[in-house]
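Here's the structure, in structure tokens; my notes come after.
Sequential numbering from 1 along the given sequence is applied to the chain's residues.
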Amino acid sequence: MIVKHLKDILGTKAHAAGEGWESRRILLAADGLGYSLHDTLVSEGAALELEYKNHVETNYCIAGEGEVEEVSTGRVWPLMAGSVYVLNAHERHILRALKGDLRLVCVFTPALTGEEVHDESGSYAAEG
């Protein structure tokens, strides 16, 4: 059994941050589960353009209001507590936090190592 607490992640190497976002990486590849679990905050007013070419990401919104835009089509979906979106076809997208900070529970497959850094396309490499 694995038991972890968010308070133990904060301020560690597993607590990543960039302009307008922070990711508290609770479960990582080293936990051996095949997926990783993240508690992510996107600051109100932030717009993040991302594309995960090597990972499938599921996002469940638990706070805030925002939207996700699929870049290739321009289609926009509203996000609020209780919304889920899945980047199952590696879609390039823009995530916007519009009202309050957006808080998402995110699952990546394959699991992230925690060492990843977004490249120029907003993606992560296939392996850490």
Side-chain angles (χ1 to χ4, degrees):
M1 180 180 294
I2 299 169
V3 177
K4 295 188 179 188
H5 302 277
L6 180 59
K7 67 179 180 65
D8 298 328
I9 303 296
L10 301 177
T12 71
K13 195 172 170 182
H15 184 183
E19 189 174 339
W21 65 272
E22 63 180 282
S23 177
R24 292 87 69 91
R25 298 165 173 182
I26 299 167
L27 297 172
L28 292 164
D31 293 302
L33 301 169
Y35 62 88
S36 56
L37 179 73
H38 312 248
D39 181 334
T40 299
L41 298 174
V42 180
S43 302
E44 181 177 28
L48 309 175
E49 188 163 345
L50 304 162
E51 179 181 19
Y52 297 112
K53 298 175 184 177
N54 303 300
H55 299 85
V56 171
E57 183 189 23
T58 300
N59 298 277
Y60 181 65
C61 181
I62 59 172
E65 294 181 23
E67 64 186 20
V68 62
E69 177 181 348
E70 185 177 21
V71 172
S72 66
T73 65
R75 188 164 179 199
V76 176
W77 291 269
L79 299 173
M80 64 214 61
S83 300
V84 66
Y85 70 96
V86 181
L87 303 162
N88 58 313
H90 311 287
E91 296 90 347
R92 184 163 196 73
H93 61 288
I94 301 171
L95 178 61
R96 297 181 185 93
L98 302 175
K99 190 173 181 183
D101 291 347
L102 210 51
R103 187 171 182 187
L104 304 164
V105 176
C106 309
V107 177
F108 278 86
T109 307
L112 298 186
T113 65
E115 301 292 322
E116 292 82 2
V117 176
H118 290 108
D119 65 18
E120 65 281 348
S121 74
S123 191
Y124 291 136
E127 295 181 16

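Residues L41 and I26 fall into different hydrophobic clusters, defined by Ile, Leu, Val, Met, Phe, Trp and Tyr side chains chained together at heavy-atom separations under 4.5 Å. Taken together through direct or relayed side-chain contacts under 4.5 Å among Ile, Leu, Val, Met, Phe, Trp and Tyr, W77 and I94 form parts of separate hydrophobic clusters. In the hydrophobic clustering of ILVMFWY residues, with side-chain heavy atoms under 4.5 Å counting as a link, I9 and V107 come out together. Put simply, L37 and I2 are part of the same group of oily side chains (I, L, V, M, F, W, Y) that touch within less than 4.5 Å, one to the next. Residues V68 and V56 fall into different hydrophobic clusters, defined by Ile, Leu, Val, Met, Phe, Trp and Tyr side chains chained together at heavy-atom separations under 4.5 Å.
Atom CG of residue N59 and atom CG of residue L87 lie 6.0 Å apart, to the nearest 0.5 angstrom. The distance from the CG atom of L112 to the OH atom of Y52 is 8.0 Å, given to the nearest 0.5 Å. A distance of 13.0 Å separates SG in C106 from OH in Y60, rounded to the nearest 0.5 Å. Between E49 atom CD and R96 atom CZ the span is 9.0 Å, to the nearest 0.5 Å. Atom-to-atom distance recorded for Y85:OH and L104:CG is 5.5 Å, nearest 0.5 angstrom. To the nearest 0.5 angstrom, K4 atom NZ is 5.5 Å from L27 atom CG.
Residues passing the ring pair (Phe, Tyr, Trp, His ring centres under 6.0 Å) test with H38 are F108, sequence neighbours excluded.
Among all heavy-atom pairs drawn from V76 and E67, the shortest one is CG1-OE1, 3.4 Å. Between E51 and H93, the closest heavy-atom pair is N-CE1, 4.3 Å. When all heavy atoms of A97 and L102 are compared, the pair lying nearest together is CB-CB, 3.9 Å. Annotation for T12 and D8: closest pair CG2-O, 3.4 Å, computed over non-hydrogen atoms. For the pair R25 and A16, the tightest heavy-atom approach, listed with the atom from each and the gap, is CZ-CB, 3.7 Å. Across all their heavy atoms, A29 and A111 have their closest contact at CA-CB, 3.6 Å.
Judged by distance alone, with hydrogens and angles left aside, the side-chain atoms of K99 form no donor-acceptor pair with the main-chain N or O of E65 at under 3.5 Å. In this structure, R92 contributes its side chain and V71 its backbone to no donor-acceptor pair below 3.5 Å. Of the possible polar contacts, one joining the R24 side chain to the D39 backbone as a donor-acceptor pair under 3.5 Å is found.
Between R75 and E70 there is no salt bridge, since no side-chain nitrogen of the basic residue lies less than 4.0 Å from a carboxylate oxygen of the acidic one.
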